[in-house]
*Asks:* 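Take this structure, written in structure tokens, and hold onto it; I'll ask about it next.
Side chains are part of it too, since the values below use all heavy atoms of this structure and drop only hydrogens, waters and symmetry mates. The shown structure was predicted, so the numbers you read here are calculated from the model rather than taken from an experiment.
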Amino acid sequence: MNWLRCLTVLTTMSACGVAAAQTYPERPIRLIVPFSPGQGADSAARLVANALGEKLGQPLVIENRPGAGGNIGAEAAANAEPDGYTLLVGSNGTHAANAALYASLPFDPLADFEPISYIGSVAMVLLSAPDFDASDVQDVIDMARREPGELSVAVPSSTARVVFELLSKTAGVDLHPVPYKASANAMNDLIGHHIPLSIDTVIAAGPQVSGGNLKALGVSSGQRSAALPDVQTFAEAGLSNFDLAAWNVWFAPAGTDPTVIETLNRGLGEVLSDAAIQDQLRALGYEPEGTQNPAEVKDFVHNEAQTWGDLIRGAGISAG
């Protein structure tokens with residue numbers, strides 16, 4: 001009879017698991033954003049999280065855990081209970097670039113997470129104060145050639161660092177990178193003329209540009225940003241085939257119930273297909289796009305890890 005009792009226990013456990021998944025979520029969900037408030041991923045995450053919370057009937061509570069290019073927040077999510085109540089806003093930094101940028105990571109970007117949904121992409125933008133003596137990327141390149149190593153550029157994220165290095169390499173100029181922990185700090189120094197240039201997301205920079213506090217010199221994506229339609233791309237400035245953009249994917253810790261993943265995936269799919277949400281995201285500088293199937297998102301993340309890793313290693317970049 002032991003086998004029968006065991007079978008009964010296993011059946012009961014399975015039924016409880018299904019019941020729990022069917023009633024999910026029963027309490028607020030923690031959404032870890034591994035960047036500071038105001039950065040691109042944070043602004044988009046808050047918009048999407050509010051809409052998803054309304055659909056699920058439970059709020060998503062944002063927890064900003066910045067530092068180490070997103071690694072601090074990603075580690076916290078990787079170590080959380082896989083119960084569906086801790087999620088992560090992952091990025092090309094945390095899940096594609098950092099494995100190549102850092103000598104070691106306290107988590108495995110691919111094995112320690114379950115992809116939920118692709119959210120969208122956002123261009124990076126080269127910025128200056130309004131009175132800076134350059135109107136576009138080509139002007140900056142010309143200045144850098146006249147004064148090698150003299151132009152400093154704020155880089156508040158690992159994505160900004162990769163764009164910086166690719167810009168320097170493609171243009172064949174010597175620029176000086178200055179690491180910052182957050183976009184707000186870099187922009188304050190830019191506005192205060194403590195540093196001449198910065199690279200950041202269109203989302204973070206957009207309000208400052210539209211408000212006249214900063215000037216956008218060029219965007220890193222292959223196409224112009226809908227939020228900054230008058231700003232040329234790096235490619236248009238003469239850097240042929242330059243096309244590099246940030247992206248976000250939401251993740252859960254590895255081992256999370258597949259039915260919970262499906263619930264979240266379905267909810268995010270509904271949110272991202274809403275025309276009003278799409279318009280708000282595009283107004284921020286975000287491009288909601290791509291597949292919402294978790295298996296396909298997993299393949300996307302694996303491919304991006306290879307792409308960004310090859311780029312970083314080929315350029316000899318390190319977070320150093």
*Asks:* Under 3.5 Å, is there a donor-acceptor pair linking the side chains of Asn98 and Ser158?
*Replies:*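 Their side chains do contain a donor-acceptor pair, which is all the 3.5 Å distance test asks for.
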*Asks:* Rounded to the nearest 0.5 Å, how far does CD1 of Ile141 lie from OG1 of Thr170?
*Replies:*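 CD1 of Ile141 is found 9.0 Å from OG1 of Thr170.
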*Asks:* Go through it in stages, so that I can follow the logic: the residues are Ile199 and Val125, the test is side-chain contact (heavy atoms from CB on, under 4.5 Å), and I'd like the CA-CA distance, side-chain angles, deciding distance and then a yes or no.
*Replies:* CA-CA 6 Å; Ile199 294 174; Val125 57; over 6 Å; no
*Asks:* Any chance CD of Glu262 has more than 12 other-residue heavy atoms, nucleotides or ligands included, within less than 6.0 Å?
*Replies:* yes
*Asks:* Looking at OG of Ser225 and CD of Gln223, how far apart are the two atoms once the value is rounded to the nearest 0.5 Å?
*Replies:* 11.0 Å
*Asks:* First locate atom CZ of Phe300, then atom OG1 of Thr307, and finally report the distance between them rounded to the nearest 0.5 Å.
*Replies:* 9.0 Å
*Asks:* What's the shortest heavy-atom distance between Phe113 and Pro115, and which atoms?
*Replies:*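 Nearest pair, atom of Phe113 first, then Pro115: O-CD, 3.8 Å.
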*Asks:* How many angstroms lie between CD1 in Ile116 and CD1 in Ile261, if you round to the nearest 0.5 Å?
*Replies:* 4.5 Å
*Asks:* Test the Arg30-Tyr85 pair against the cation-pi criterion, namely NZ or CZ under 6.0 angstrom from the six-membered ring centroid and within 45° of the ring axis.
*Replies:*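 No cation-pi geometry.
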*Asks:* Answer yes or no: is there a side-chain heavy-atom contact under 4.5 Å between Asp243 and Phe234?
*Replies:* no
*Asks:* Is it true that Asp131 and His193 share a donor-acceptor pair across their side chains at a distance under 3.5 Å?
*Replies:* yes
*Asks:* Say whether Asp200 and Ser198, considering side chains only, have a donor N or O and an acceptor N or O under 3.5 Å apart.
*Replies:*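 Ser198 and Asp200 do not have a side-chain donor-acceptor pair below 3.5 Å.
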*Asks:* Using every non-hydrogen atom in the two residues, find where Ala78 and Phe107 come nearest and quote the distance to one decimal.
*Replies:*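 Here Ala78 and Phe107 meet closest at CB-CB, 4.0 Å.
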*Asks:* What is the distance from atom CD1 of Ile32 to atom CD of Glu63, rounded to the nearest 0.5 Å?
*Replies:*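 If we round to the nearest 0.5 Å, Ile32:CD1 and Glu63:CD are 5.0 Å apart.
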*Asks:* Any non-hydrogen side-chain atom of Leu166 less than 4.5 Å from a side-chain atom of Phe242?
*Replies:*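 Side chain of Leu166 against side chain of Phe242, heavy atoms only: contact under 4.5 Å found.
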*Asks:* In terms of side-chain heavy atoms, does Asp189 have a donor or acceptor partner in Tyr180 at a distance below 3.5 Å?
*Replies:*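 Short answer, yes.
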*Asks:* Would you say Ile72 and Tyr102 are hydrophobically clustered, going by side-chain heavy atoms of ILVMFWY under 4.5 Å?
*Replies:*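 Shared cluster, no.
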*Asks:* Taking NZ, NE, NH1 and NH2 as the nitrogens, is one of them in Asp142 or Arg146 under 4.0 Å from a carboxylate oxygen of the other?
*Replies:*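 No salt bridge links Asp142 with Arg146.
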*Asks:* Does the distance from a Lys or Arg side-chain N to an Asp or Glu carboxylate O, for Arg27 and Asp83, drop under 4.0 Å?
*Replies:*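 Yes, charged N to carboxylate O under 4.0 Å.
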*Asks:* Does a donor on one side chain sit under 3.5 Å from an acceptor on the other, for Glu75 and Asn71?
*Replies:* no
*Asks:* Between Lys298 and Glu296, does at least one N-O distance fall below 4.0 Å, as a salt bridge requires?
*Replies:*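 Not counted as a salt bridge, because no side-chain N and carboxylate O are separated by less than 4.0 Å.
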*Asks:* Report yes if some heavy atom in the side chain of Ser128 is under 4.5 Å from a heavy atom in the side chain of Leu217; otherwise report no.
*Replies:* yes
*Asks:* Under 4.5 Å between any side-chain heavy atoms of Arg224 and Val231, yes or no?
*Replies:*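 When only atoms from C-beta onward are counted, Val231 and Arg224 do not touch, as no gap falls below 4.5 Å.
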*Asks:* Could you give the distance from CZ (Phe164) to NE2 (His176), rounded to the nearest 0.5 Å?
*Replies:*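 That separation rounds to 8.0 Å.
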*Asks:* Please lay out, stage by stage, how Leu101 and Val162 fare under the test side-chain contact (heavy atoms from CB on, under 4.5 Å).
*Replies:* CA-CA 9 Å; Leu101 281 171; Val162 174; 4.3 Å; yes
*Asks:* Side chains of Asp42 and Ser36: do they bring a donor and an acceptor to under 3.5 Å?
*Replies:* no
